[in-house]
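Here is the structure we will look at, set down as structure tokens.
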Amino acid sequence: RSDTAMYRAKEKNGNVLRVYDDALNTEVIRNIELEREAYAALENGDFYLALQPLIDLKTQVLLGFEALLRWRHPEQGLISPDEFIPILEKSVFMLQLDYWVIERSFQVLKMLDDEGYKRQTIAITLSSAQFLDPVLSEFLQKMFKRYQIEPNRIDLELTERTLVSDIQTTTQLMSDLRRLGIKISIDDFGTGYSSLSYLKSMPVNTIKIDRSFINGIVTNQTDKQIVQSTINMVHNMGMLVVAEGIEDVCQFNLLRDMQCDKAQGFYIAKPIPEYELIETLLLIIRDNVWQALPTEKCEDINP
Ligand code: C2E
Ligand code: MG
């Protein structure tokens, strides 16, 4: 029990006091169980991808999707990746699951090609362990061959936390991936410790502004200014901007006026389970344009 409490203290970077209580134990047991069950879940097909569309803010053309991992647990139902990923990240199994996500993403692209949705891209969120894994580049090259997918249709998302650990190594690894033709995005931009100076030196294609800023752009002047200056700065550096977490027409219109490039969020679509993807696209896509944006007026939401 003291060991359990000690590990909790260490998770907070130490130098804190943690007293053991039973709740801590229940949590530890659940984490151990989830970790153990994850192996079987992968075998049983309980993991799947949900695909969230990214569209061009001006033309509403569908550009591609972000792959988001889902776990449907036989007893507990759907478990959020925000819950299971931090638990599994502590085990070696996570890397195996990360590679499964990559291969599955290629299969989704192949399915889209076969159904006539050509040239779509897919963004995959990389954990820092996978980004640093020496076999990543080799694995990706194998996938390009196996599924006949061009490298520029794969966009690897890295969070700021992954970037700051070792700038030199990060820049080197990014350059290696870019040389293969792969695109690189910075996810959750603004929530970490980004420094503009190293952003300038990194071979990044796209910046994804975190939804916590998008959330406030219509009502909060500071958020609006932060987002506008980020868009201007990123454009000046020759990169593109994605706004994450757009939830209504006001945010959507404002971001379009602010010259943001791409849009992602519940206003356009929630992540779509892979097994419903094609039937959803059949209803929503005409001439490659996303048709189903809710038609409410901005004044109806924000009088
Ligand atoms: P993320 O990469 O920032 O992904 C975006 C998250 O925002 C997704 O949550 C998505 O459902 C949610 N989202 C999108 N639009 C909106 C919106 O308009 N409003 C709100 N409130 N939320 C929105 P999800 O799928 O629960 O994933 C959470 C996080 O889990 C992801 O954040 C990512 O960090 C991690 N994750 C998911 N799949 C993977 C994976 O395959 N590998 C790794 N390493 N991490 C993953
Ligand atoms: Mg992401």
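Just so you know, ligand 1 is whichever comes first in the structure, and atom 1 is the first atom listed for that ligand. Atoms considered below: every heavy atom in the structure, side chains included; atoms not considered: hydrogens, waters and symmetry mates.
- Cation-pi geometry between K270 and F266 is satisfied (NZ or CZ under 6.0 Å from the ring centre, within 45° of the ring normal).
- Within 6.0 Å of the CG atom in N236, the count of heavy atoms belonging to other residues, nucleotides or ligands exceeds 12.
- When rounded to 10 degrees, the angle formed at the Mg ion (ligand 2) by OD2 (D187) and OE2 (E66) equals 170°.
- Not one N or O on the side chain of S185 forms a donor-acceptor pair closer than 3.5 Å with the backbone of L158.
- The Mg ion (ligand 2) lies under 2.8 Å from an N, O or S atom belonging to E157.
- Using cut-offs of 30° and 60° on the angle between ring planes, the pair F84 and W71 is perpendicular.
- For the pair Y39 and E43, the minimum side-chain heavy-atom distance is 4.5 Å or more.
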Short N or O contacts of ligand 1 with protein, under 3.5 Å, listed by atom name?
unit_1   : atom_1 : unit_2 : atom_2 : d
ligand 1 : 2 (O)  : E66    : OE2    : 3.1
ligand 1 : 2 (O)  : D187   : OD2    : 2.9
ligand 1 : 3 (O)  : D188   : OD1    : 3.1
ligand 1 : 7 (O)  : R211   : NH1    : 2.8
ligand 1 : 15 (N) : Q52    : NE2    : 3.1
ligand 1 : 18 (O) : F266   : N      : 2.8
ligand 1 : 19 (N) : E247   : OE2    : 2.5
ligand 1 : 21 (N) : E247   : OE2    : 3.1
ligand 1 : 22 (N) : R211   : NH1    : 3.4
ligand 1 : 25 (O) : R70    : NH1    : 2.9
ligand 1 : 25 (O) : R70    : NH2    : 2.9
ligand 1 : 38 (N) : L69    : N      : 3.0
ligand 1 : 42 (N) : T125   : O      : 3.3
ligand 1 : 44 (N) : T125   : O      : 3.4

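- No side-chain donor-acceptor contact under 3.5 Å links D188 to the backbone of T191.
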Identify each donor-acceptor pair in which a side-chain atom of residues 111-120 lies under 3.5 Å from a protein atom, sequence neighbours left out, and give them as a table.
unit_1 : atom_1 : unit_2 : atom_2 : d
D113   : OD1    : R153   : NH2    : 2.9
D113   : OD2    : R153   : NH1    : 3.1
K118   : NZ     : D113   : O      : 3.2
Q120   : OE1    : G64    : N      : 3.3

